[in-house]
Structures are given as structure tokens and as C-alpha cells.
Amino acid sequence: MTTTATMHRRLRLSVLAAALSLAGLTPALMPTATASAAASSATAAVAWQEASGDADIERAFTQARGEKKPVLLYWGAKWCPPCNQLKATLFNRADFIEQSRAVVAVHIDGDNPGAQRLGARFKVRGYPTMILFNNDGQELTRLPGEVDAPQVLRVLQLGLAGGRPVKTVLADAQAGKKLSANEWKLLGFYSWETDEQQLIPAAQRPALLAKLAAASQGVDDETTTRLWLKALASTEGGGALKADAALRGRVEKVLADPVAARAQTDVLTNNADDIVRALAPAAGADRQALIGKFDGVLKRFQGDASLSRADRLQSLVARVELARLDQDRNALNPKLPAALQAEVKAHAAQADKEITDGYERQAVITSAAYLLGRAGLWSDSDALLKSSIAKSHSPYYLMSQLGGNARKQGRKDEALRWYEEAFNKSEGPATRLQWGSNYLSALVELAPQDSARIEKAAAQLLTEAEKDKGAFYERSARSLQKVGSQLVSWNANGQHDAALTRLRTQLDGVCAKQKASDKGACESLLKKKG
């Protein structure tokens with residue numbers, strides 16, 4: 001289920017920041033102070049071409065070849081907070097809009113008919129994902145990200161100037177061949193977190209990034225530092241990368257240099273806790289000293305008016321995560337300094353008061369509510385979400401957060417009410433399958449005895465899958481697989497055989513109407529384990 005924590009992690013990991021590289025265009029977080037000055041006029045906008053199927057994509061590439069332009073593909077969803085952040089801080093900038101004229105811009109909304117089939121074609125999963133292709137259809141780079149807009153635009157210009165596919169560049173780097181400074185930037189700013197195994201299995205990423213960081217020494221220090229930071233972040237404290245004194249010294253040097261730290265804002269804020277775990281694996285004075293240095297940098301980011309509200313909020317999220325580092329990761333009421341909790345409350349209240357743009361609210365308020373919960377301020381989190389429902393263009397996302405809050409605190413009936421309402425209010429075929437699977441998961445966990453309610457929800461999801469031609473692709477397929485596994489586990493002892501028999505009969509009817517290529521995925525949904 002796309003929980004608030006998952007989506008928040010996505011915002012962090014979107015680390016996207018870098019992604020841009022060669023191609024540029026990624027989500028940059030635009031400086032709030034210059035937002036109005038940089039915003040486009042009411043009539044100007046990126047000329048997105050909507051795509052729902054292969055024919056739309058082929059038309060875009062035909063146009064790109066005719067106009068000798070690359071293709072920028074943006075995959076997102078209406079409700080997705082990071083997608084809304086892009087709309088609030090990057091896509092509306094006059095300079096970005098001007099740069100977009102040099103590409104054929106294609107938008108795939110995950111709820112468009114056929115969108116999930118296209119997701120499978122391009123191997124994209126998380127919202128948002130941005131990919132730059134040359135006009136022959138070769139993928140140049142992936143760029144979902146969280147760098148600020150001026151940096152995004154600089155990297156975009158680099159990508160538009162021409163470059164080799166990142167896969168080719170990586171192969172040369174691994175073979176020890178000489179790369180240009182711009183090609184090293186391509187690797188440093190690649191969106192490794194949304195790679196989806198295109199370049200390398202996720203488990204091998206820390207070692208690869210460390211190897212690249214070492215190989216890039218002497219070419220561009222900022223890029224080398226970025227690669228080392230990403231290598232540390234990708235370990236998630238698991239020890240895959242053994243940090244030595246030299247590497248810790250490099251990180252501490254960055255933390256002590258405001259200019260160098262500002263250049264790495266996205267990596268430092270999105271991965272502060274993982275980097276600290278990698279550099280100081282054990283709790284104690286050594287770790288606390290490093291946390292103190294990080295906290296000072298994060299405080300500076302928090303007050304940096306050249307950063308977007310989302311970036312500044314993420315700096316505060318990182319401070320809270322560092323303060324929780326030696327505590328139970330799932331503690332509902334962590335022991336935090338009173339002053340830090342007060343900052344969290346004040347920051348969330350200020351965001352609520354100041355943000356009126358619908359896109360920005362969807363991105364920032366949802367994260368602020370998450371932050372309040374991580375700080376143990378659950379009543380404040382609930383109050384912020386409830387008061388924001390009427391202001392959201394996708395209120396079901398906030399309802400799911402309220403369900404998550406109640407679930408964590410053991411308020412089962414309340415959690416189920418929110419999850420059910422979120423499902424009922426959700427819109428779009430892929431979104432409804434995702435929210436429906438979330439609701440069913442909550443039912444199985446919190447009310448396994450309510451067979452009638454569980455069967456009703458499952459039957460509704462099968463009905464919706466029958467109407468959706470993309471139900472057995474990408475995100476929708478994973479939602480249905482989740483439903484199937486939950487139901488089979490729920491009936492592990494055969495106590496709900498009658499309900500499962502009726503659902504299997506319904507599923508047989510759904511599968512009979514699928515194309516031959518989709519029948520296997522359909523028929524496997526409710527198969528008994530073993």
C-alpha cells in the first residue's frame with residue numbers, strides 16, 4: 001500500500017535530485033523567494049502531449065525525429081505529492097517552459113486508459129518518473145528528482161547539448177575508460193532510486209556507486225562527493241559499504257562548507273539518517289557528534305529562503321529522523337527535545353497558513369502531517385489533515401493518511417472508516433485498484449472476522465479490474481497481486497473457503513475476458529499456496 005511513509009520515502013528517495021543529469025528536467029525545488037518572478041504567464045505552459053497507448057508514443061517519436069528533438073516522458077498521477085511538487089515548482093517556471101520547447105514533452109497519467117501498459121513498456125513504477133530519450137527511442141537517462149530549479153535547468157541544458165545513453169557511459173566507466181566531466185555528472189545525477197534494474201540490481205548499487213566515486217577522483221570534486229554520498233545513502237545503514245576515516249572526513253568537510261553543502265542539499269536532507277548510520281554504525285558519542293554537525297547544516301537549510309517550502313520542510317524531517325536515530329524506529333511517541341517538537345508544530349502551522357496553491361498544498365501539507373506524526377504529535381497531524389481535506393483536489397490521499405494515523409495508534413474502527421472512505425472517493429482505474437487494495441489489506445489485518453465486508457470489498461475490486469484493460473500491468477497488477485495474496489493468507493486454514501470459492505468463480509469470469517497474454521496473471525491471483 002502506498003502509505004504516507006512510503007510516499008514520504010519516495011519524496012526522499014526521489015533523490016531524484018540528481019537524476020537529471022544529462023537530461024535534465026527533473027523535479028527541482030524552486031526557490032520560494034523567486035517563485036512568482038519565475039512563474040510563467042497565464043497563457044504559457046509546457047506543451048505536454050497526453051499518451052494513453054503505443055500509438056500516442058509512436059506519434060511522439062515520429063514528431064521528434066522530424067524535428068530532431070529528444071523526447072521527455074513524464075509519468076505521474078493526480079494525487080501523488082512529488083508530482084504535485086513538480087507542478088508547483090518546476091513545470092510552471094518560465095525558464096523551464098522555454099527549455100521544454102527543445103523537447104517533445106509526453107505526459108502519461110497513470111490513470112489514463114492504457115497507461116499501466118505503457119508503464120510496463122518503459123519499466124516505470126514510482127510516481128513521478130521522468131525519462132529523456134533520443135529521437136530513436138534510446139533511453140538517455142532517468143530523472144525524477146529533488147534539486148532546486150536553477151540546478152535542474154543547468155543540467156537540462158547539458159542534456160539538450162547532446163550526450164550518450166547513461167548505460168553506455170556506465171559501461172565505459174566500469175571498463176576504466178576516460179569520461180568527460182559532463183559524463184561523470186550524468187552518472188552523479190542519474191536517478192538511481194528509480195532505475196528499476198535498468199542499469200544494475202539494487203543490491204549492487206552501493207558497491208557500484210563507491211567504485212564510480214573512486215574512479216571519478218580528480219575530475220570534478222562536487223560530482224565525486226555526490227557519488228560518495230549516494231553510495232552511503234544507498235546502504236540504508238546495512239553495512240554494504242564500509243566507510244573509513246577518509247570518507248567520513250570528506251563528508252564532514254562538506255558539512256563544514258556552506259557552499260559545498262548547499263550543492264548537495266537533496267542528498268543530505270533526503271538521506272541524513274542513512275548516511276549517519278553508514279558513517280557511525282553504533283550508538284554513542286561518535287554518532288552524536290556527527291548528528292550534531294548534520295543538525296547544524298539542516299537548520300541552515302531550514303532557514304534558506306532560496307529553497308522551496310518542500311525542501312525546507314524536508315530539512316526539518318531529517319532533523320527529526322536524526323533525533324530518533326537511537327530509538328525504536330516505529331515508536332509512536334519518541335523522546336524528542338521540546339524545542340524541536342515546537343519547531344515542528346510551528347513549521348506545519350506556517351505552511352498550512354501560507355500555502356494556497358493546490359499543487360503545493362498536496363505536496364507540502366501531506367509531508368507536514370507525516371512529520372507531525374514522526375514527532376509524536378498525532379492530534380496535530382490529524383487536525384491538519386482533516387482541515388485540509390476540503391482544500392485538496394485528491395482528498396482520498398489525506399483520508400488514507402488519517403487511516404494510517406488511526407491504524408498505528410490502535411483505533412481500528414476509525415482506521416477502517418477512513419480507508420473505506422478513501423477508497424470510495426478515489427478516482428481513476430489504477431488509483432481505485434491501489435486504494436481498494438489498501439482498504440482490503442486494512443480489513444484483513446484489523447477485522448479478519450468480518451468475512452462479509454472483506455468479500456464485498458474484494459468482489460468490488462474484481463468488478464473494477466474487469467472494466468480496466470490495464471488491470472494486469474504495472475501498478476494495477478501489483479495492487480491486484482496484493483489483494484490475491486491477502487485473501488489467500490486470510491483463508492490459510494480454510495475457514496473462509498465459501499467466500500474464496502465465490503470470489504474464484506467471479507475471477508474466472510474476469511479472466512475469461514482477458515487477452516491471452518494477460519490470462520496467466522489473472523488466473524494466478526487466487527491460487528492456493530503450495
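Looking at every heavy atom in both residues, Glu343 comes nearest to Leu316 through O-CD2, 3.9 Å. Nearest heavy atom pair, residue Ala368 against residue Leu384, reads CB-CD2, 3.9 Å. Listed here is the closest heavy atom pair of Gly428 and Asp111: C-OD1, 3.1 Å.
For Glu67, the CD atom is densely surrounded, since the number of other residues' heavy atoms within 6.0 Å is greater than 12. The neighbour count for Lys78 NZ, taken as heavy atoms of other residues, nucleotides or ligands under 6.0 Å away, is above 12.
Using a 4.5 Å cut-off on side-chain heavy atoms (C-beta onward), Trp79 and Thr431 make contact. Counting only heavy atoms from C-beta outward, the side chains of Gln174 and Leu208 approach each other to under 4.5 Å. Residues Thr89 and Glu360 form no side-chain contact, since every pair of their non-hydrogen atoms from C-beta on lies 4.5 Å or further apart. Residues Arg65 and Asp136 form a side-chain contact, since some pair of their non-hydrogen atoms from C-beta on lies under 4.5 Å apart. The side-chain heavy atoms of Gln302 and Arg319, taken from C-beta on, include a pair separated by under 4.5 Å. No side-chain heavy atom of Asp56 sits under 4.5 Å from any side-chain heavy atom of Glu50. With contacts defined as side-chain heavy-atom distances shorter than 4.5 Å, the pair Lys167/Leu170 does not qualify. At a threshold of 4.5 Å between non-hydrogen side-chain atoms, the residues Val169 and Leu187 count as touching.
The pair Asp220-Lys185 meets the salt-bridge criterion, since a charged nitrogen lies less than 4.0 angstrom from a carboxylate oxygen. Salt bridge annotation for Asp172-Arg164: present, with a cationic side-chain nitrogen under 4.0 angstrom from a carboxylate oxygen. With salt bridges taken as basic N to acidic carboxylate O contacts below 4.0 Å, none links Glu354 and Arg312. Electrostatic pairing of Arg374 and Glu321 counts as a salt bridge here, judged by a charged N lying under 4.0 Å from a carboxylate O. Residues Arg309 and Asp357 are not paired through a salt bridge, judged by the lack of any N-O separation under 4.0 Å between the basic side chain and the carboxylate. A salt bridge is absent between Asp257 and Lys253; no separation between the charged side-chain nitrogens and carboxylate oxygens falls under 4.0 Å. Asp274 and Lys230 are not joined by a salt bridge, as no carboxylate oxygen comes within less than 4.0 angstrom of a charged side-chain nitrogen.
Using modelled atom types and a 3.5 Å distance limit, the side chains of Arg361 and Ser388 yield a donor-acceptor pair. Between Asn112 and His107, the side chains place no donor N or O within less than 3.5 Å of an acceptor N or O (distance only, hydrogens not considered). A side-chain N or O of Ser392 and one of Gln362 form a donor-acceptor pair less than 3.5 Å apart. Of the N and O atoms on the side chains of Asp304 and Ser306, at least one donor lies less than 3.5 Å from an acceptor on the other residue. Under the 3.5 Å distance criterion, with hydrogens and angles disregarded, a donor-acceptor pair is assigned to the side chains of Gln49 and Gln63. Between the side chains of Asn92 and Tyr359, no donor-acceptor pair of N or O atoms lies under 3.5 Å. Side-chain atoms of Gln264 and Glu222 include no donor-acceptor pair closer than 3.5 Å.
Summarising the geometry, atom CD belonging to Glu193 is positioned 8.0 Å from atom OG belonging to Ser234; distances are rounded to the nearest 0.5 Å. Taking OG1 of Thr194 as the reference point, atom CZ of Arg142 lies at 6.0 Å (rounded to 0.5 Å).
Under a 3.5 Å cut-off, the side chain of Ser381 and the backbone N or O of Leu377 do not form any donor-acceptor pair. In this structure, the side chain of Asn134 engages the main chain of Gly137 through a donor-acceptor pair within 3.5 Å. Side-chain N or O atoms of Gln217 include none that pairs as donor or acceptor with a backbone N or O of Ala214 at under 3.5 Å.
In this structure, Phe122 has its ring center at least 6.0 angstrom away from the ring center of Trp75. Taking the ring centroids of Phe294 and Phe301, they lie at or beyond the 6.0 Å cut-off.
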